[in-house]
Amino acid sequence: MRLIERAGLAALHRLDPERAHDLSLKALAAGVVPLPGAPVTSPRLATSVAGLALPNPVGLAAGYDKNARAIGPLTCAGFGFIEVGAATPRPQPGNPKPRLFRLTADRAVINRFGFNNEGAAAITARLAARAPSPVPVGLNLGANKDSSDRAADFAEVARMAAPHVDFLTINVSSPNTEKLRDLQGARALAALIAGVLAARDETTARPPVLVKIAPDLDDAALAELAAVLTDSGAAGIIATNTTLDRSGLTSPHAAETGGLSGAPLFARSTRILARLRLLTNGKLPIIGVGGIGSVEQAWAKLEAGASALQLYSALIYNGFSLASEIAHGLDARLAAEGKTLAQVTGADPERWAR
């Protein structure tokens, strides 16, 4: 981590977490954050996932740039792809503040934002106006809290956004919108994916559709979900979202409601990822997210079955340089072991599925 980045993080950590988040976005958009200027890449790192050409497999997860306000700078921050949103059809303020908490001792975060965003019209307008990007840009789809037909909400946002993004993600796994996770049931999920694909196909674009799942599914539910996803027409899976589990936390904010992300999520999310790899027989690419804060943890996600990765919470503690550090570290390890990304992906899911 550079000295200037370390100083910036220290200053941000003296502020309320949500205010710090907003200020970091404004600093990015203003061009005052030092960035690599291009994605990290090499012949070993370049890969294709769900039809997307990635310069490297290290992406930015949804939730950081909810309203697509800093797309340009983020695509120059070293990531191999980025995901913005979640976007809902209508703007909504989300849950009351405070709703974001740092658990510094646990290297974790709890949020209960509740899909706060400026609405799909504003977000897709920014996506439409963006300059050509050096990396794929995707949008996370959400549903309004007061919607009477949440499946229709997902389809509506997909219809609006499809011509302007490289991929779409169906987010049925946020714990902060009441009953949203009910859409992970087999029948509901199959209908939801079909509706989103149909809405996408009404446009001239055909971006791949991914599905983001929760880490709190039991074995029976996970097996059922895997069967649906394999036959659904979805192009891939993102595993996983935040957890409701609070095991082993020591920080003062540990009892706050909301979704937990960061280091404590690593084992749980990696176990779900590995089990999905086994249950789907590798038929669908999986993007691994949850608790990645080092090259070693990124490598473990790959071995468990991930074809690509996403970061978010660790950036709060390590800064944006973490993306480049992990990409360079993976490249060095691939070179040292004489392996390709494809050879590492899914090399040992049995170990991580226990």
Side-chain angles (χ1 to χ4, degrees), residues 1-2 4-6 8-9 24 28 33-65 70-84 107 133-138 166-167 210 236 238-239 261-263 266 269-270 273 285-347:
M1 189 189 302
R2 299 172 183 169
I4 188 171
E5 186 175 37
R6 193 184 303 276
L9 286 174
S24 71
L28 271 173
V33 177
L35 298 171
V40 176
T41 193
S42 76
R44 286 177 294 271
L45 291 176
T47 187
S48 178
V49 177
L52 302 169
L54 310 182
N56 74 67
V58 183
L60 174 67
Y64 176 68
D65 189 4
I71 300 173
L74 286 172
T75 61
C76 297
F79 297 105
F81 62 107
I82 69 167
E83 186 177 348
V84 299
R107 306 290 282 184
S133 170
V135 301
V137 176
D166 299 302
F167 66 95
L210 311 177
I238 299 181
S261 58
F266 177 78
S269 62
T270 306
L273 161 62
I286 305 172
I287 296 175
V289 55
I292 303 170
S294 68
V295 176
E296 292 73 21
Q297 289 174 320
W299 190 270
K301 292 279 189 188
L302 294 172
E303 286 188 331
S307 298
L309 313 164
Q310 285 182 327
L311 311 178
Y312 184 4
S313 297
L315 302 174
I316 295 170
Y317 298 102
N318 297 85
F320 281 111
S321 64
L322 181 64
S324 295
E325 289 171 12
I326 290 178
H328 283 302
L330 290 175
D331 191 39
R333 185 162 177 180
L334 288 168
E337 298 192 14
K339 293 179 179 178
T340 66
L341 272 174
Q343 289 171 329
V344 180
T345 295

For Gly138, does its backbone N or O pair with a side-chain atom of Asp166 as donor and acceptor, under 3.5 Å?
no
Which residues share a side-chain hydrogen bond (donor to acceptor under 3.5 Å, both in side chains) with [X], sequence neighbours left out:
X      : result
Thr270 : Lys301
Ser48  : none
Thr41  : none
Asp331 : Ser42, Arg44

To the nearest 0.5 Å, what is the distance between [atom1] on [X] and [atom2] on [Y]?
X      : Y      : atom1 : atom2 : result
Asn318 : Arg6   : CG    : CZ    : 9.5 Å
Leu315 : Leu9   : CG    : CG    : 9.5 Å
Ile71  : Leu28  : CD1   : CG    : 12.5 Å
Thr47  : Asn56  : OG1   : CG    : 10.0 Å
Ile316 : Ser261 : CD1   : OG    : 6.5 Å
Gln297 : Leu302 : CD    : CG    : 12.0 Å

Residues in side-chain contact (heavy atoms from CB on, under 4.5 Å) with [X], at least two apart?
X      : answer
Ala300 : Phe266, Trp352
Pro34  : Arg2, Ile4
Ala77  : Leu35, Phe79
Glu337 : Trp299, Arg333, Lys339

Minimum heavy-atom distance [X]-[Y], with the two atoms named:
X      : Y      : value
Gly80  : Leu54  : O-CD2, 3.9 Å
Ser269 : Gly290 : OG-O, 3.1 Å
Ala53  : Pro136 : O-CG, 3.5 Å
Leu45  : Ala327 : CD1-O, 3.5 Å
Pro39  : Thr75  : CD-O, 4.2 Å
Pro285 : Val49  : CB-CG1, 3.9 Å

Are the side chains of [X] and [Y] in touch, meaning some heavy atoms are under 4.5 Å apart?
X      : Y      : value
Leu341 : Pro57  : yes
Leu322 : Glu5   : no
Ile287 : Phe81  : yes
Pro55  : Val135 : yes

Could you pull out every donor-acceptor pair under 3.5 Å between side chains of residues 304-312 and any protein atom, sequence neighbours left out?
residue: Gln310; atom: NE2; partner: Glu83; partner atom: OE1; Å: 2.9
residue: Tyr312; atom: OH; partner: Gly63; partner atom: O; Å: 3.3

Which residue pairs pass the salt bridge (Lys or Arg N to Asp or Glu O under 4.0 Å) test when at least one of the two sits in residues 308-322, sequence neighbours left out?
none
Hey, could you give me each pair passing salt bridge (Lys or Arg N to Asp or Glu O under 4.0 Å) that has a residue in residues 304-322? Not counting sequence neighbours.
none
Take Leu330 and Val295 through the test side-chain contact (heavy atoms from CB on, under 4.5 Å) and record every step on the way to the result.
CA-CA 6 Å; Leu330 290 175; Val295 176; 4.3 Å; yes
Do any pairs count as a ring-ring contact (aromatic ring centres under 6.0 Å, His included) and have a residue in residues 318-341, sequence neighbours left out, and if so which ones?
Tyr64-Phe320
